[in-house]
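The structure appears below as structure tokens.
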Amino acid sequence: MKLPDKVMKEGKAKVIYEKEDGNLLMKFKDDLTALDGLKHDQMPSKGKYNSVMTAHLLKLVADAGIPTHLVSLLEPGLMEVKKVEIIPVEAVLRNVATGSMVRRLPLEAGSRLPSPVIEFYLKDDALHDPWINDDHVRILGLATAEELKRIRELTLKVNDVLLDYFASKGLVLADFKLEFGRLGGDLVLADEITPDTMRIFDAKEFEKGRLVEYDKQIFRDGGSPEDIKAAYDEAFRRIVGEEPPF
Ligand code: TMP
Ligand code: ASP
């Protein structure tokens with residue numbers, strides 16, 4: 001499909017265009033970034049992998065009654081979405097302690113948390129997406145108390161749906177990041193759900209105490225291009241249920 005000439009916004013992982021009817025086109029890039037873009041590389045067809053996985057997972061949560069921005073996947077790599085007003089707060093939900101949580105708190109990497117933990121981060125590259133609390137969200141005027149309550153509620157609902165789904169695919173959903181947008185007086189789930197934005201462990205290995213993951217952490221940790229490709233291949237197989245055709 002031919003893309004409009006004018007780019008509305010370009011981020012690290014996607015380019016956004018506006019359609020004439022007001023919807024948006026999200027072109028998923030093949031770029032891999034970490035550490036606020038300091039670490040940068042490419043993975044052939046990554047945009048196709050991530051767009052197909054996002055559309056698959058957004059449909060799954062939409063079927064469970066959670067509103068999302070998805071209109072349709074037009075082709076691998078290109079998704080049509082509704083235009084929403086993005087709230088610049090990243091909602092991270094954790095089922096397992098890992099990543100920045102174990103760098104910050106005295107918890108063992110890979111330990112299951114007694115109940116899900118939700119954290120908020122300010123979307124601001126220059127400030128390295130700082131961890132913020134409800135009061136910070138309020139004084140920065142990022143979202144109302146009511147919206148924040150709704151974000152928590154929707155994030156927990158998404159977790160309920162995805163935890164069960166991933167478990168049925170032999171995966172432990174350790175953590176993930178969501179973004180929400182305002183649309184017609186309510187909030188909808190926006191952005192992507194991909195191995196870039198979550199950590200997924202092999203369930204069998206996890207039960208044996210070994211952390212084998214199929215996500216971008218392998219890139220963050222300096223894995224080889226082959227290791228990264230193998231992880232995205234396996235994530236795709238488990239999530240979509242097909243051999244990646246790209
Ligand atoms: P963290 O442990 O590094 O804080 O990451 C928690 C989850 O959020 C992990 O699944 C990766 C995801 N994430 C993003 O999607 N974008 C980000 O900018 C960061 C820091 C994490
Ligand atoms: N902070 C994000 C990550 O590591 C992406 C980036 O820093 O470029 O997931």
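Just so it is clear, the structure is predicted and the values come from calculations on it, not from any experiment. Note that ligands are numbered from 1 as they come in the structure, with each ligand's atoms numbered from 1 the same way.
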Assess whether side chain to side chain contact (heavy atoms under 4.5 Å, CB included) is satisfied between Lys177 and Asp191, documenting all intermediate values.
-> CA-CA 10 Å; Lys177 183 268 294 179; Asp191 199 48; 3.1 Å; yes
Indicate the ring-plane relationship of Phe236 and Phe246, choosing parallel, tilted or perpendicular according to the 30° and 60° boundaries.
-> perpendicular
For Glu207, does the CD atom sit with more than 12 other heavy atoms under 6.0 Å from it, leaving out its own atoms?
-> yes
Mind checking whether Gln217 has a heavy atom under 4.0 Å from ligand 1?
-> no
Which is closest to atom 8 (O) of ligand 1 in terms of heavy atoms, Glu119, Lys123, Lys216, Lys177?
-> Lys177
Under 4.0 Å between heavy atoms, the region of Arg220 that gets near ligand 1 turns out to be side chain
When Met53, Lys46, Glu213 are each screened for side-chain contact (heavy atoms from CB on, under 4.5 Å) with Pro195, the one that passes is Met53
If you count the atoms of ligand 1 from 1 in the order shown, which ones are under 4.0 Å from a heavy atom of Glu90?
-> 17 (C), 18 (O)
With only distance considered, is Arg199 within less than 3.5 Å of ligand 1 through an N or O on each side?
-> yes
Answer yes or no: does an N/O atom from Ser100 fall short of 3.5 Å to an N/O atom of ligand 1?
-> yes
Which ligand 1 atoms does Gly99 reach within 4.0 Å, using its non-hydrogen atoms?
-> 2 (O)
Parallel, tilted or perpendicular for Tyr232 and Tyr49, by the 30°/60° rule?
-> perpendicular
Please indicate whether Lys6 has more than 12 foreign heavy atoms, meaning atoms of other residues, nucleotides or ligands, lying under 6.0 Å from its NZ.
-> no
Quick one: is the NZ or CZ of Lys39 closer than 6.0 Å to the six-membered ring centre of Phe219, and within 45° of its axis?
-> yes
For Thr197, the atoms of ligand 1 under 4.0 Å from one of its heavy atoms are 10 (O), 12 (C), 15 (O)
Measure Asp215 to ligand 1 on non-hydrogen atoms and call it side chain, backbone, both or neither using the 4.0 Å cut-off.
-> neither
By number and element, which atoms of ligand 1 are closer than 4.0 Å to a non-hydrogen atom of Asp129?
-> 18 (O)
